[in-house]
Amino acid sequence: MNEKNGANTSVNRAKTYQLVLFPMNNGATNVYYILTMNFIAYYANGVLGLFLMFATTMVTVMRLFDAVTDPIIGALIDRTSTKFGKFRPYMVLGNVIMIISSILLYFGTRLISSDMEWLKYVCFVLFYALYVIGYTFQTACTRSGQTCLTNDPKQRPLFTVFNTVASLIGMGMVQFLAPVIGERMGGYNSESFFNFMIPLAIVVSAVLTLLAVIGIAEKDRPEFFGVGGTQKKVELKEYVAILKANKELQRLMVAGAGCKLAFSIATNMTVLCMLYGAMMGNYGGLYLPMMIVGYVFSAPFFLLTVRTSQKHGQKASLVRYTKIALIMYVGVLILLLLWKQGNTTFLLSLSSINIYTVLFILCFGIGYGAYYATADMPIPMVADCSDYETYRSGRYIPGIMGTLFSLVDKLVSSLGSTIVGAAVAMIGISTLPDGNTPYSDGMHMVVVVLFCVIPMLAWVATLIAMKGYSLTGERMKEIQAVNSARKDAIGKGMSLEEAMNRWQKYDQVPDRFKES
């Protein structure tokens, strides 16, 4: 994968190490994301003693705050130009803020005496809000920074693979270690659990951030930003007009938000504790093995999604494998509906394999594998929408495009913890279930809805949204060719307006800008 950036090509290619390292930025933020989404309610409720509904609702409130700050930070990124680049300052600053806020949130709040309960609530909210700002700084760069990394339709699908690998390093580390550490240190409600996990998360995230900074260093320069020329600054009030005009981004928002909501609920630790612990009676023996099953089945799908994306475009890949996930989860739904307390015929067990277990592993494994392989696909597709905006309006505004996507994505996915918390409260449970919580009436249907029904509805929404999405692989080649011709003309002295008028259609572009 050699870098090719001459004036006579429409393709800006990344080097292999850049494609591998820059996605580590997403891994760095996912370390904190999975800890926050899955365990901060346990910390607030179990360690600090805050009310359960407050703990779960604050996850939603802060996710909403995260969404609101996104467009503001996106605008800051687009206006930034330093010797250290456009994106790297926010990556580093964001990680530093998350380190400071995590120490204050998970350790500082414990120092407040019990007779000042109100101060615990206040500090929890303030430190959590500080963490959100740092998280937004860094995560906004994952979507916006990839626009300067590569615009090659054959390389962008690879970003999904490396991005998922990075996520597994960060998010997967927490998911694998959490049940082990939790079991040895008194559960997710114990201080010891957080004493181990938070310092580990800080170190791992900082290392991944450093690798990501190295990955984007050579590309974080003005010559890789848009088509060149004088760029008019976009005001916050123009966001609505941009979103209204860019129909492709609208459709991608629906698809991405639906997938994120499905993922945040179906993989929520509370849901998995009820499924594998309370219903199936063996959380310790099922959680990690079933997670491994999902990852094992994901491997071939990653290869298939890349091949499909490179040949037919990312839209075709997303649609094809989302359909497979939806079909297979019909089987998971039926199997969970058959479950009855005390009936060993319909019990998931890896110690004594039965037909029920085999069918569950196949349906869940194939469905989860197909879905997981496409879960991060909207991220590189945001870069396509950003390039389309440059083609449509001449503006290079990756920060705004990425954070507009994040805005809706987070608004929807913010509902995840609140939905889970509300569902648990509705069946009379006052403390979030862990792996040792016994089965209680109502858990069965709660698990069926949260683990199956909501993800399936989200996938249906994704398929509907993608039906009108026009940025196919072939269409992106045409857009890159037109953008390249304009960039070449602007570099030779033509104004942005003149270049926009001169090069509008693919058949107007000289052959040297058309990538075969």
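What you see is a predicted model; the values in this text were computed from it and never measured.
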Polar side-chain atom of Asp78 near backbone of Gly399 as donor-acceptor pair, under 3.5 Å
yes
Heavy-atom distance under 4.5 Å between the side chains of Ile324 and Met328, does that happen here?
yes
At what distance, to the nearest 0.5 angstrom, does SG of Cys141 lie from CG of Asn25?
6.0 Å
Which heavy atom of Ala481 sits nearest a heavy atom of Phe513, and at what distance?
CB-O, 3.5 Å
Is the shortest side-chain heavy-atom distance between Thr29 and Asn26 below 4.5 Å?
yes
Are Tyr295 and Tyr372, when compared by the centres of their aromatic rings, separated by less than 6.0 Å?
yes
Can you tell me how far apart CD1 (Ile419) and CD1 (Ile265) are? Round to the nearest 0.5 Å.
4.0 Å
Audit row: Tyr32, Val204, side chain to side chain contact (heavy atoms under 4.5 Å, CB included) steps and yes/no:
CA-CA 10 Å; Tyr32 289 102; Val204 172; over 6 Å; no
Distance-only, no hydrogens or angles: does the Asn95 side chain make a donor-acceptor pair with backbone N or O of Ala28 under 3.5 Å?
no
Which atom pair, heavy atoms only, marks the closest approach of Val213 to Phe84?
CG1-CZ, 4.3 Å
Given side chains that start at C-beta, do those of Ile202 and Met98 come closer than 4.5 Å, heavy atoms only?
no
Taking atom types as modelled, find out whether Tyr131 and Thr36 have a side-chain donor-acceptor pair closer than 3.5 angstrom.
yes
Please determine whether side chain to side chain contact (heavy atoms under 4.5 Å, CB included) holds for the pair Met381 and Leu471, giving the CA-CA distance in whole Å, both sets of side-chain angles, and the decisive distance to 0.1 Å.
CA-CA 9 Å; Met381 291 173 75; Leu471 300 184; over 6 Å; no
Value for CZ (Arg395) from CD1 (Ile400), rounded to nearest 0.5 Å, stands at 7.5 Å
Whether the side chain of Thr150 engages the backbone of Gln146 through a donor-acceptor N/O pair (distance < 3.5 Å, no angle test) should be reported.
no
Do Met401 and Asn246 come within less than 4.5 Å of each other through their side chains, counting heavy atoms only?
yes
Side-chain contact test, heavy atoms from C-beta onward, threshold under 4.5 Å: evaluate it for Lys219 versus Phe87 and give yes or no.
no
I'd like to know if the side chain of Ser317 and the backbone of Thr305 have a donor-acceptor N/O pair within less than 3.5 Å.
yes
Could you check whether any side-chain N or O of Thr147 sits under 3.5 Å from a backbone N or O of Ser144, counting only pairs where one atom can act as donor and the other as acceptor?
yes
Donor-acceptor check, side chain of Asp70 to backbone of Ala140, threshold 3.5 angstrom: yes or no?
no
Does any N or O in the side chain of Gln508 come within less than 3.5 Å of the main-chain N or O of Gln504, such that one atom is a donor and the other an acceptor?
yes
Tell me if the centroids of the rings in Trp459 and Tyr329 come within less than 6.0 Å of each other.
yes
What distance do Thr139 atom OG1 and Tyr90 atom OH have between them, rounded to the nearest 0.5 Å?
15.0 Å
Separation between CD1 (Ile97) and CD1 (Ile133), nearest 0.5 Å, reads 7.0 Å
Given side chain to side chain contact (heavy atoms under 4.5 Å, CB included), test Thr403 with Thr136 step by step and report yes or no.
CA-CA 9 Å; Thr403 51; Thr136 307; 5.6 Å; no
Just wondering, do Leu208 and Asn30 contact through their side chains at under 4.5 Å, heavy atoms?
no
Evaluate ring-ring contact (aromatic ring centres under 6.0 Å, His included) for Tyr106 paired with Tyr43, printing each intermediate quantity in order.
CA-CA 8 Å; Tyr106 289 100; Tyr43 173 75; 5.1 Å; yes
Cut-off 3.5 Å, side chains only: do Tyr388 and Ser470 have a donor facing an acceptor?
no
Between Tyr135 and Tyr33, how do the two ring planes meet: parallel, tilted or perpendicular, split at 30° and 60°?
parallel
Non-hydrogen atoms of Gly145 and Ile216 that approach each other most closely
O-CD1, 3.9 Å
For Glu218 and Tyr17, does a side-chain donor sit closer than 3.5 Å to a side-chain acceptor?
yes
Between the main-chain N or O of Trp503 and the side-chain N or O of Arg486, is there a donor-acceptor pair closer than 3.5 Å?
yes
Please evaluate residues Leu326 and Lys323 with respect to the criterion side chain to side chain contact (heavy atoms under 4.5 Å, CB included), reporting the C-alpha separation (whole Å), side-chain torsions for both, the decisive distance (0.1 Å), and the verdict.
CA-CA 5 Å; Leu326 180 60; Lys323 286 181 179 178; 5.7 Å; no
Beyond-backbone contact of Leu35 with Ile40, side-chain heavy atoms, under 4.5 angstrom
no
Between Phe124 and Tyr128, is a ring-ring contact (aromatic ring centres under 6.0 Å, His included) present by the stated rule, with each step listed?
CA-CA 6 Å; Phe124 180 83; Tyr128 198 167; 5.8 Å; yes
Can you give me the closest heavy-atom contact between Val31 and Ala201, atom names plus distance?
CG1-CB, 3.4 Å
Expected output: side-chain Thr69 to main-chain Asp66 donor-acceptor under 3.5 Å
yes
Salt-bridge present (Arg512, Asp488; N to O < 4.0 Å)
yes
Heavy-atom side-chain proximity of Met466 to Thr322 below 4.5 angstrom
no
What are the two closest heavy atoms between Val306 and Leu158, and how far apart are they?
CG1-CD2, 3.8 Å
Gap separating the NZ atom of Lys86 from the SG atom of Cys148, nearest 0.5 angstrom:
9.0 Å
Gly256 and Pro378: which non-hydrogen atoms are nearest, and at how many Å?
CA-CG, 4.1 Å
If we check side-chain hydrogen bond (donor to acceptor under 3.5 Å, both in side chains) with Asp384, which of these qualifies: Gln480, Lys315, Gln314?
Gln314
Please confirm whether the backbone N or O of Arg475 pairs with a side-chain atom of Glu478, one donor and one acceptor, at under 3.5 Å?
no
